[in-house]
Amino acid sequence: MSVRPSPDPRPPAPPPGSPADRGLVLREMRWWDLAPVLELERELFPEDAWSPGMFWSELAHARGPQATRRYLVAERSGRMVGYGGLAAVDGTGDIQTIATARDQWGSGLGSRLLTELLGAATDFECHEVLLEVRVDNLRAQRLYERFGFEPIGFRRGYYQPGNIDALVMRRTTQTSSEAPPVQGT
């Protein structure tokens, strides 16, 4: 079943001060965040965790007037509980990574990170955003579908060394000709 995006399919972020938002800080990822990010990365993705060099390479493109990346970390009470990153090239965004600590699953943190990354895609003037997700990660697939992402293909054996397939998903930006007409007097 395909999910059709509405004009703004993003679920609203928890209001500041709500229980889901209490103590949460979202901010730009910096080099000094790499140690706790890598610790969380290895915990969540033991078979196919990114290397320090991969994160360093991405962060090298995340600052300055020619930046093509946006990387965020989420901290709750001083503890690293999530992170995410987006690359943007020629009007196409690509969610490079998004992760939340297991004890944060179901808290809305994944939605908050994805909302911020989609906002960055808008800032980069992306007309579409792509991502890959493990075919066996149904929880993440449901999150992406709620945000208007639709499956468009597979990448066989994408996640190594486990040889797990990736589902490729895309979310397109609604153009003004696709937008519902404005009602007025």
Side-chain angles (χ1 to χ4, degrees), residues 5 8-11 13 24-76 78-101 104 108-134 137 140-141 143-153 155 158-160 164 166-175:
D8 188 1
R10 294 175 293 181
L24 182 68
V25 174
L26 292 180
R27 62 175 176 76
E28 178 184 11
M29 184 186 292
R30 300 301 300 271
W31 66 267
W32 51 81
D33 295 313
L34 290 184
V37 165
L38 287 164
E39 183 178 324
L40 189 54
E41 176 82 2
R42 286 187 292 272
E43 177 188 324
L44 295 170
F45 310 110
E47 289 187 0
D48 50 9
W50 281 23
S51 69
M54 292 171 77
F55 278 106
W56 276 105
S57 178
E58 289 297 296
L59 290 181
H61 300 284
R63 304 209 70 198
Q66 302 300 316
T68 59
R69 306 291 194 273
R70 176 82 164 122
Y71 275 77
L72 304 169
V73 294
E75 293 177 317
R76 190 179 302 277
R79 177 179 154 240
M80 184 72 58
V81 293
Y83 56 89
L86 171 101
V89 178
D90 295 329
T92 297
D94 193 339
I95 303 290
Q96 299 290 294
T97 187
I98 190 166
T100 63
Q104 301 295 305
L109 178 56
S111 292
R112 287 287 307 275
L113 286 164
L114 187 54
T115 297
E116 292 295 321
L117 295 175
L118 291 173
T122 298
D123 293 344
F124 283 123
E125 299 180 358
C126 295
H127 56 83
E128 67 178 354
V129 179
L130 302 170
L131 59 82
E132 291 89 9
V133 59
R134 289 173 60 115
N137 191 343
Q141 290 174 37
L143 169 67
Y144 301 138
E145 286 173 350
R146 284 196 316 266
F147 277 75
F149 283 87
E150 295 182 327
I152 61 169
R155 294 193 178 184
Y158 183 78
Y159 293 99
Q160 293 297 326
I164 307 295
L167 175 64
V168 181
M169 301 181 82
R170 176 177 60 198
R171 178 182 191 264
T172 57
T173 303
Q174 191 174 47
T175 65

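The figures that follow rest on heavy atoms only: side chains count, while hydrogens, waters and symmetry mates do not. Residue indices begin at 1 and follow the sequence shown.
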Residue among Arg30, Glu28, Met29 satisfying side chain to side chain contact (heavy atoms under 4.5 Å, CB included) with Leu59 = Met29

Decide side-chain hydrogen bond (donor to acceptor under 3.5 Å, both in side chains) for Gln96 and Arg69; before the verdict, give the C-alpha distance in whole Å, the side-chain angles of both, and the deciding distance to 0.1 Å.
-> CA-CA 9 Å; Gln96 299 290 294; Arg69 306 291 194 273; 5.4 Å; no

To the nearest 0.5 Å, atom CZ of Phe149 lies from atom CG of Leu143 at 9.0 Å

Residues, nucleotides or ligands: over 12 heavy atoms within 6.0 Å of Arg170 CZ | no

All side-chain contact (heavy atoms from CB on, under 4.5 Å) counterparts of Trp31, not counting sequence neighbours | Trp56

Report the distance from atom CZ of Phe55 to atom CG of Leu38, rounding to the nearest 0.5 Å.
-> 6.0 Å

With distance as the sole test, does Arg134 use its side chain to make a donor-acceptor pair with the main-chain N or O of Tyr159 at under 3.5 Å?
-> no

Rounded to the nearest 0.5 Å, how far does CD1 of Ile98 lie from CG of Leu113?
-> 5.0 Å

d(Tyr71 OH, Asp33 CG) to nearest 0.5 Å is 13.5 Å

Check Gly93 against Cys126 and note the closest heavy-atom contact, atom names and distance.
-> N-SG, 3.4 Å

Is there any side chain to side chain donor-acceptor pair (under 3.5 Å) pair reaching into residues 38-51, and which pairs are they, with sequence neighbours excluded?
-> Glu41-Tyr83

Salt bridge check: are Arg70 and Asp123 linked by an N-O gap of less than 4.0 Å?
-> no

By side-chain contact (heavy atoms from CB on, under 4.5 Å), which residues pair with Thr92, not counting sequence neighbours?
-> His127, Glu128, Leu130

Measure the spacing between CD of Gln104 and CG of Leu24 and express it to the nearest 0.5 Å.
-> 8.0 Å

Which distance, rounded to the nearest 0.5 Å, do you find between the CG of Leu167 and the CG of Asn137?
-> 10.5 Å

